[in-house]
Amino acid sequence: MSAGRRAAAAALRAGASPAVARTGHVRERRRKALRCGVGIFAIVAVVAVLSAQAPAPADVIVVNGHIITVDGQFSIAEAVAIRDGKFTAVGTTRDVRPLAGPSTKVIDVKGQTVIPGLADGHLHDAGGGPGVDLSRTRSLADLLAAVAARVKETPPGEVIVSNSDWHEAQLKEHRLPYRADLDTVSPAHPVVLVRGGHEYILNSAALRKWNINKDTPPLPGGRITRGVDGELNGELIDRAKSLVQLPPQSRLTVEELAAQHRTLNAAGLTSIRYPGASVEQYRLLQEMARRGSLTIRVNQLLRLPADSGERMRAAIEATGIGPDDGDAWLRIGGMKLGVDGGFEGGWMREPYEEPWGEHGTFRGVNTMKADAYTSVVRELNRLGWRAATHAVGDAAIDEVLAGYEAANADRSIVGKRWVLEHGFIPQVDQFPRMKALDLVISAQNHLYLAGPSLVSYWGAKRAAWTTPMRAYLDRGFTVAGGTDSAVVPYPPLWTLYHFVTRDTISGGVLGADQKITRPEALRVATINNAYLTFEERSKGSIEPGKLADLVVLPEDLLTCPVKDIERMRVSMTMVGGRVVYERP
Ligand SMILES: [Zn+2]
């Protein structure tokens with residue numbers, strides 16, 4: 001053992017000497033330290049301090065890994081030591097092994113790849129639920145068979161509802177089931193297919209039940225769709241969904257949330273951000289945090305129904321919740337707002353290609369008018385809240401920018417990390433305005449699921465530009481990744497695969513010029529998500545002093561055949577030094 005190696009190992013034992021042991025690329029560091037007089041001085045000083053007291057042994061060490069640390073240098077390490085839920089050392093297996101005491105848990109990952117815990121910056125829930133499960137259907141026939149099976153076991157008159165985690169692009173026909181399709185399997189029971197967060201499809205019995213017919217006036221911010229024959233096809237979009245009152249769902253419980261979190265852990269997720277959930281859900285999460293039963297770190301945006309600044313202020317006061325309440329397990333991240341629809345309602349400057357009975361004039365749905373929206377965001381800024389606004393189309397982004405600029409004129413929002421959620425179709429003229437406001441982009445892989453639909457709605461050019469990751473990164477934006485689960489399935493490795501290939505489930509590659517590199521995609525899923533929630537100093541990479549959240553993968557994410565990124569299964573997930581998932 002050379003003097004340099006001994007010194008470096010001692011520094012590692014010290015645990016948190018950031019100057020010495022911070023990067024995983026220990027060998028490289030050591031070379032630098034030896035070259036650099038200051039480095040050697042720092043090492044010697046640390047050793048001197050440490051010899052006075054023996055370092056406490058690690059709780060856990062992970063050895064023999066290919067550890068992609070995602071630190072500033074994107075360095076590679078072999079082993080980590082963990083104590084009190086945080087990394088205390090990152091280095092070679094040889095360096096870290098001596099940090100184990102008699103009761104230290106030693107995890108030998110046998111050459112597997114280790115990455116920082118993955119995060120999803122926009123996840124509503126893990127999908128599933130008590131409704132008809134359509135998530136695995138791959139054709140209209142599959143889908144109708146699933147509905148028919150439910151009809152058989154449902155008493156007459158009772159409403160049949162589906163879960164929301166499916167999309168027509170997963171069906172080989174690439175189209176929605178409509179009223180006429182549903183009538184073939186359910187002539188009598190009212191059926192409501194819930195699809196994502198923006199759309200219902202009703203059969204004839206359901207349209208009758210809620211008195212929706214050709215004379216029903218269109219609702220502002222919503223749409224009642226017709227087929228080419230001019231008849232209602234059963235589709236209700238955005239605010240038009242309020243015509244239907246679904247049977248009350250069973251209340252969310254701590255147990256259900258815990259089960260969902262375990263499902264997400266198994267996919268490699270260690271942090272999630274709920275993009276707009278109820279106060280009630282926040283209270284359940286607080287209860288879990290109190291009991292110490294959270295297995296995933298949660299950032300929650302609040303969503304309060306308020307269409308003016310005054311009403312927003314009153315609604316916030318009624319909750320008693322502050323803008324950044326919480327800790328490393330559960331934190332409030334801001335206020336969720338929305339100004340347009342989703343796949344079939346994103347509000348565009350130019351008309352859709354899909355006419356939807358509007359003869360080429362349909363430009364999407366504006367769900368919150370500019371005056372009300374601006375009044376709300378200005379008040380949020382006055383109250384010290386950060387806004388995160390759902391905006392899919394370029395016209396929606398225009399409205400968000402105007403609102404944020406008005407708030408910024410009252411009191412600067414620069415550095416406060418206000419967020420554009422989704423940002424599917426930004427225009428080049430909008431980038432400088434977004435930059436001037438210092439916005440963070442929360443981007444997801446909707447294209448992966450819905451590619452073929454987006455081509456038919458918006459045309460090939462806009463579909464290929466959807467969520468332009470390359471353009472965002474090249475212009476210096478911090479982009480945090482996610483899925484919008486259950487709108488898009490939650491596995492984060494699917495998102496990584498999509499971002500590096502722009503491949504889609506059933507429509508091939510769309511917008512190949514918007515691919516990003518594997519290291520970029522990994523940052524988007526880790527450290528950039530930490531930045532989104534002001535936590536980049538405490539998580540998002542594997543470095544001493546940071547929270548010990550990590551994922552073990554069977555293959556090297558940076559060099560494996562690209563299709564394997566989508567296919568591979570997580571071996572182990574750790575949150576705060578505790579194993580929360582292990583592949584059987
Ligand atoms: Zn969403």
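Order of listing sets the numbers, starting from 1, for every ligand and every atom in it. Index from 1, following the sequence.
- Counting backbone and side-chain atoms alike, H390 contributes no N/O/S atom closer than 2.8 Å to the Zn ion (ligand 1).
- Applying the ring pair (Phe, Tyr, Trp, His ring centres under 6.0 Å) test between F362 and each of Y352, W347, Y457 identifies Y352 as the sole match.
- By the side chain to side chain donor-acceptor pair (under 3.5 Å) test, S135 pairs with D133, sequence neighbours left out.
- In D484, the N, O or S atom that comes nearest to the Zn ion (ligand 1) is OD1.
- Among the backbone and side-chain atoms of H422, none of the N, O or S atoms lies under 2.8 Å from the Zn ion (ligand 1).
- Other residues, nucleotides and ligands place more than 12 heavy atoms under 6.0 Å from the CZ atom of R349.
- The aromatic rings of F431 and Y472 stand perpendicular to each other, their planes meeting at an angle above 60°, with 30° marking the opposite boundary.
- For E421, every N, O or S atom stays at 2.8 Å or more from the Zn ion (ligand 1).
- The closest side-chain donor-acceptor pair between D484 and Q444, if any, does not fall under 3.5 angstrom.
- Nearest N, O or S atom of H122 to the Zn ion (ligand 1): atom NE2.
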